[in-house]
Amino acid sequence: MKNKVVSVEQAIEMIPDGAVLMIGGFLGDGTPELLVDGLIKAGKKNLTVIANDTAFPDKGIGKLIVNKLVKKVIVSHIGTNPETQKQMIEGTLEVELVPQGTLAERVRAGGFGLGGILTPTGVGTVVENGKQKITINGKEFLVETALRADFALIKAKKADFLGNLVFNYTARNFNPLMAFAANVTIVEVEELVPVGGIDPNEVHVPHAVVDYIVRGNAK
Amino acid sequence: MKNKVVSVEQAIEMIPDGAVLMIGGFLGDGTPELLVDGLIKAGKKNLTVIANDTAFPDKGIGKLIVNKLVKKVIVSHIGTNPETQKQMIEGTLEVELVPQGTLAERVRAGGFGLGGILTPTGVGTVVENGKQKITINGKEFLVETALRADFALIKAKKADFLGNLVFNYTARNFNPLMAFAANVTIVEVEELVPVGGIDPNEVHVPHAVVDYIVRGNAK
Amino acid sequence: MIQDPKIGRTVIAKRVALELKDGDIVNLGIGIPTLVANYIPKGVTVFFQSENGILGMGPAPEPGYEHPNLTNAGGSPVTFLPGAVAFDSATSFGLIRGGHVDITVLGGLQVDEEGHLANWMIPGKLIPGMGGAMDLVTGAKKVIVAMTHVEKGGVPKIVKKCTLPLTSVRRVNLIVTDLAVIEVTEKGLLLKEIAPETTLDEVLKYTAASLIVPEKVPTMPVTL
Amino acid sequence: MIQDPKIGRTVIAKRVALELKDGDIVNLGIGIPTLVANYIPKGVTVFFQSENGILGMGPAPEPGYEHPNLTNAGGSPVTFLPGAVAFDSATSFGLIRGGHVDITVLGGLQVDEEGHLANWMIPGKLIPGMGGAMDLVTGAKKVIVAMTHVEKGGVPKIVKKCTLPLTSVRRVNLIVTDLAVIEVTEKGLLLKEIAPETTLDEVLKYTAASLIVPEKVPTMPVTL
């Protein structure tokens with residue numbers, strides 16, 4: 001069987017300029033920093049990044065912004081990274097804002113084979129601009145469409161060699177959702193255990209959606 | 001704080017005739033049998049049951065059918081329970097069939113505050129009758145609306161006194177989804193542990209959605 | 001009118017805290033709402049939910065006890081209380097959108113006569129993004145806005161009609177400021193309480209929306 | 001034509017098993033598809049997914065080792081292989097609908113010239129419900145129909161146009177019967193292989209749909 005374990009360099013090599021990436025993390029907590037650093041080192045260009053936020057200038061996805069690898073972000077907020085706002089105002093970075101719960105469902109829908117979801121969030125606000133609306137039992141909902149990516153770069157606490165994943169506390173956030181929603185899913189893990197080393201009840205993401213595993217700092 | 005632990009009798013007493021119930025389980029695996037038996041003992045009538053299936057005549061939800069407590073079921077299949085088919089043909093039981101994956105998403109949508117989901121499943125089949133269709137990027141999807149219930153009767157392996165839940169293997173199935181989707185959620189558990197006795201990473205359903213806890217056979 | 005802004009913020013937090021009931025699931029926004037956690041009444045146990053994926057969040061850890069994978073929605077280290085749970089972002093917003101959060105306390109830029117809140121952007125000036133605010137206001141059982149009554153310079157934030165982009169068309173339930181407690185009712189904004197050291201005239205002067213003023217308006221039951 | 005139905009079913013299962021590639025995620029329906037698990041080629045590791053919420057399902061346990069909470073989609077006790085995972089029904093169908101299952105093998109009542117499958121009801125006669133079949137056919141990367149070529153009485157199940165309600169408008173990829181292997185192509189149904197002890201004439205006689213028949217049609221590479 002295919003060995004999914006690769007080096008950071010091998011993982012990064014697969015990603016072309018212009019790729020659409022989903023990157024896990026919430027203000028950097030749960031972001032695969034080795035993969036982020038790998039993208040910067042390789043000098044990737046024109047990336048589109050789907051993520052919860054752009055973190056801080058010196059942390060997580062923020063570093064990709066500061067180093068100008070990104071042409072577009074689809075995120076729920078950018079308030080913690082002044083560089084994102086600066087590039088947006090300068091017109092060098094496109095920013096698409098999505099309510100956080102809607103973003104989570106759109107990513108999940110992409111991975112779960114759904115066309116999208118119907119949400120009350122955003123009805124009657126600027127978020128509804130350009131979107132279809134549907135009324136069910138007299139209540140209006142926005143049609144929010146599924147999101148997919150070329151690559152998902154995610155971070156887990158633990159994996160077995162098959163790619164079954166366990167996440168840690170608030171580092172879980174968007175990571176499990178993104179694992180399903182990309183053509184290629186690469187996970188950076190802190191701990192690699194033998195197959196059979198994780199209780200079947202405690203796996204957060206089944207190996208079926210994981211393509212490559214990169215060992216993190218704690219080997 | 002409210003003590004959520006109640007007896008089977010106290011739990012069943014809350015449920016009026018004619019109630020809409022979601023009941024967990026897959027062919028009986030993961031069905032709260034004590035609560036099912038409680039409904040039968042109390043002689044409830046005209047129930048609507050949302051569940052994956054009607055199990056077998058002598059197991060799980062099947063017993064509710066055999067004892068004629070149910071006027072309508074919303075399920076994905078009835079093939080394992082001849083009594084369900086018999087009552088359907090006699091016209092005493094209404095059967096609404098929903099594709100299993102669609103049923104799971106409709107229940108989840110009900111619990112997660114979504115109006116529904118867009119699925120490719122059922123497009124071009126009898127399942128699309130009477131439903132709205134939406135085209136996204138040239139692909140057709142059915143609008144499948146959210147389901148909710150008055151009560152969810154679910155089964156977990158383990159709970160703490162707050163109601164944090166852990167499910168066991170294939171007994172998980174619809175139980176975690178239904179926990180969110182009812183006005184009142186009652187869980188039958190095999191094991192009750194102190195608050196703090198479950199690793200935060202290993203909880204499958206957070207206590208916020210659990211209203212009452214019934215101790216199962218293994219106290 | 002309370003002159004010291006710090007005391008003003010404390011009054012807001014103390015007053016909001018009185019709205020919390022035993023067993024409530026509570027989501028606190030950043031800024032003033034965060035302070036509410038410091039004033040939970042005795043005998044009341046509430047569970048703090050944070051949209052990054054935790055229920056049962058405790059206060060900041062002692063120095064040296066910070067863990068990089070246990071943070072709040074502002075990215076700061078927090079702790080677990082007994083019975084805490086971690087979950088993914090979809091589940092977190094399932095709780096929020098699905099009505100499983102009893103109370104959310106959020107900051108505000110404007111609230112209008114219809115109870116509509118604007119709190120996520122100032123066009124051409126400040127576009128941080130909505131984060132989880134739109135889902136929280138749309139989905140939580142009870143929405144409390146905790147904010148200063150006026151902007152710096154005395155510009156009212158409670159207005160006839162929001163000029164800033166709305167967070168949701170779902171009406172908020174209660175507005176708690178350093179001047180007053182105002183309930184959003186079917187008939188309009190009802191003045192429920194006035195802050196200590198504050199007069200009715202001051203409340204009316206600094207409010208740009210119509211208020212329903214009962215004959216007797218009690219003082220907020222908080223100590224300065 | 002193979003006369004013994006049991007041998008016929010075995011041939012189908014053995015032939016389908018040759019379609020499985022190392023590392024595949026596979027979902028087997030009830031009936032003939034279940035038999036496929038007995039004939040996985042040497043050196044090929046596949047992972048069986050079952051829609052009730054498991055990936056990495058092993059065979060039936062030894063007597064006395066049955067656990068009530070470890071069953072397959074037919075309700076029968078199964079076992080865990082190393083690396084097995086349990087999940088809820090939404091995740092299970094997320095895997096299925098989302099294209100994360102490489103191959104699903106399902107029984108069939110009819111398949112037509114367009115590759116459409118009907119396998120979940122016979123109006124007025126048999127209405128067991130679609131269970132997970134509609135999601136599986138719509139979402140799996142590759143759909144293989146494993147069925148007898150004809151009904152009892154010799155009525156063809158491969159037809160011009162399905163008269164029974166469709167399971168999905170997504171075309172199946174391959175049909176494996178006790179008479180033939182047929183691929184669903186853009187141009188129509190392509191006869192790929194003929195079963196042992198079976199003639200081309202027999203295949204054509206028992207097929208009610210047009211078949212594209214290449215000059216040479218090999219025999220299925222399976223032993224009886």
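Quick note on labels: first sequence line is chain A, next is B, and so on, each numbered from 1.
- The pair Lys155(A)-Glu190(A) counts as a salt bridge, with a side-chain nitrogen and a carboxylate oxygen less than 4.0 angstrom apart.
- Across Gly108(C) and Leu117(C), no two heavy atoms sit closer than the pair CA-CD1, 3.7 Å.
- A 6.0 Å sphere centred on NZ of Lys68(A) holds no more than 12 heavy atoms belonging to other residues, nucleotides or ligands.
- Judged purely by atom type and a 3.5 angstrom limit, Glu140(A) has no side-chain atom pairing as donor or acceptor with the backbone of Ile134(A).
- Ranked by heavy-atom pairs shorter than 4.5 Å toward chain C, the options Glu105(A), Met88(A), Arg108(A) are led by Glu105(A).
- Interface summary for chain A: among Ala84(C), Ala90(C), Gly75(C), the most heavy-atom pairs under 4.5 angstrom belong to Ala90(C).
- With a 6.0 Å radius and a threshold of 12 heavy atoms from other residues, nucleotides or ligands, Glu90(A) has its CD atom above the threshold.
- In this structure, no portion of His116(C) lies under 4.5 Å from any heavy atom of chain A.
- Neither the backbone nor the side chain of Thr80(A) comes within contact range of chain C; no heavy atoms are under 4.5 Å apart.
- The heavy-atom pair separating Ala182(A) from Ala152(A) by the smallest distance is CB-N, 3.2 Å.
- Within a 6.0 Å radius of OH in Tyr206(C), other residues, nucleotides and ligands contribute 12 heavy atoms or fewer.
- Contacts between residues 5-31 of chain C and chain A, counted as heavy-atom pairs separated by less than 4.5 Å, involve no residue at all.
- A salt bridge between Glu33(A) and Lys59(A) is absent, with no side-chain N of the basic residue lying under 4.0 Å from a carboxylate O of the acidic one.
- Thr91(C) contributes no side-chain N or O that, together with a main-chain N or O of Gly94(C), makes up a donor-acceptor pair within less than 3.5 Å.
- A donor-acceptor contact shorter than 3.5 Å links the side chain of Gln87(A) to the backbone of Ile65(A).
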Problem set entry | salt bridge (Lys or Arg N to Asp or Glu O under 4.0 Å) evaluation trace for Glu94(A) with Lys71(A) | CA-CA 6 Å; Glu94(A) 186 184 346; Lys71(A) 68 168 179 188; over 6 Å; no
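- Each of Gly28(A), Gly30(A), Ala104(A), Ser76(A) has some count of heavy-atom pairs under 4.5 Å with chain C, and the biggest count is that of Ser76(A).
- When all heavy atoms of Pro61(C) and Pro77(C) are compared, the closest pair comes out as CD-O, 3.4 Å.
- The most heavy-atom pairs under 4.5 Å with chain A, out of Ile127(C), Thr167(C), Val137(C), come from Ile127(C).
- Proximity to chain C is limited to the side chain of Leu27(A), based on heavy atoms less than 4.5 angstrom apart.
- Both the backbone and the side chain of Ser89(C) come within less than 4.5 Å of a heavy atom of chain A.
- Along residues 167-180 of chain A, the residues that come nearer than 4.5 angstrom to chain C, judged on non-hydrogen atoms, are Asn168(A), Tyr169(A), Thr170(A), Ala171(A), Arg172(A), Asn173(A), Phe174(A), Pro176(A), Leu177(A) in order of number.
- Top candidate by heavy-atom pairs under 4.5 Å with chain A, chosen from Asn72(C), Val169(C), Asp88(C), is Asp88(C).
- Proximity to chain A (any heavy atom under 4.5 Å) is shown, for Ala133(C), by neither the backbone nor the side chain.
- When all heavy atoms of Met134(C) and Leu166(C) are compared, the closest pair comes out as CE-O, 3.8 Å.
- Against chain C, no residue from residues 199-214 of chain A qualifies, as none has a non-hydrogen atom under 4.5 angstrom away.
- Side chain of Asn52(A) to main chain of Phe26(A): no donor-acceptor pair is present (N/O by atom type, distance under 3.5 Å, no hydrogens or angles).
- Of the charged side-chain nitrogens involved, at least one lies within less than 4.0 Å of a carboxylate oxygen, so that Lys72(A) and Glu96(A) count as a salt-bridged pair.
- The residue among Val98(A), Ile89(A), Val95(A) with the most heavy atom pairs within less than 4.5 Å of chain C is Val98(A).
- Of the charged side-chain nitrogens involved, none lies within less than 4.0 Å of a carboxylate oxygen, so that Lys161(C) and Glu113(C) do not count as a salt-bridged pair.
- Within a 6.0 Å sphere centred on NZ of Lys160(C), other residues, nucleotides and ligands contribute more than 12 heavy atoms.
- Judged by distance alone, the side chain of Thr31(A) and the main-chain N or O of Gly24(A) form a donor-acceptor pair under 3.5 Å.
- For chain A, the nearby part of Ser168(C) is the backbone; its heavy atoms alone come within less than 4.5 Å.
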Only distances under 3.5 Å count here; give the side-chain donor-acceptor pairs of residues 113-129 of chain A to other protein atoms, sequence neighbours excluded, each with its distance to 0.1 Å.
from      : atom 1 : to        : atom 2 : distance (Å)
Thr119(A) : OG1    : Thr121(A) : N      : 3.1
Thr119(A) : OG1    : Thr121(A) : OG1    : 3.4
Thr121(A) : OG1    : Asp135(C) : OD1    : 2.7
Thr125(A) : OG1    : Gly122(A) : O      : 2.7
Thr125(A) : OG1    : Val127(A) : N      : 3.1
Glu128(A) : OE1    : Gly124(A) : N      : 2.7
Glu128(A) : OE1    : Lys133(A) : NZ     : 3.2
Glu128(A) : OE2    : Lys133(A) : NZ     : 3.0
Asn129(A) : ND2    : Val126(A) : O      : 3.3

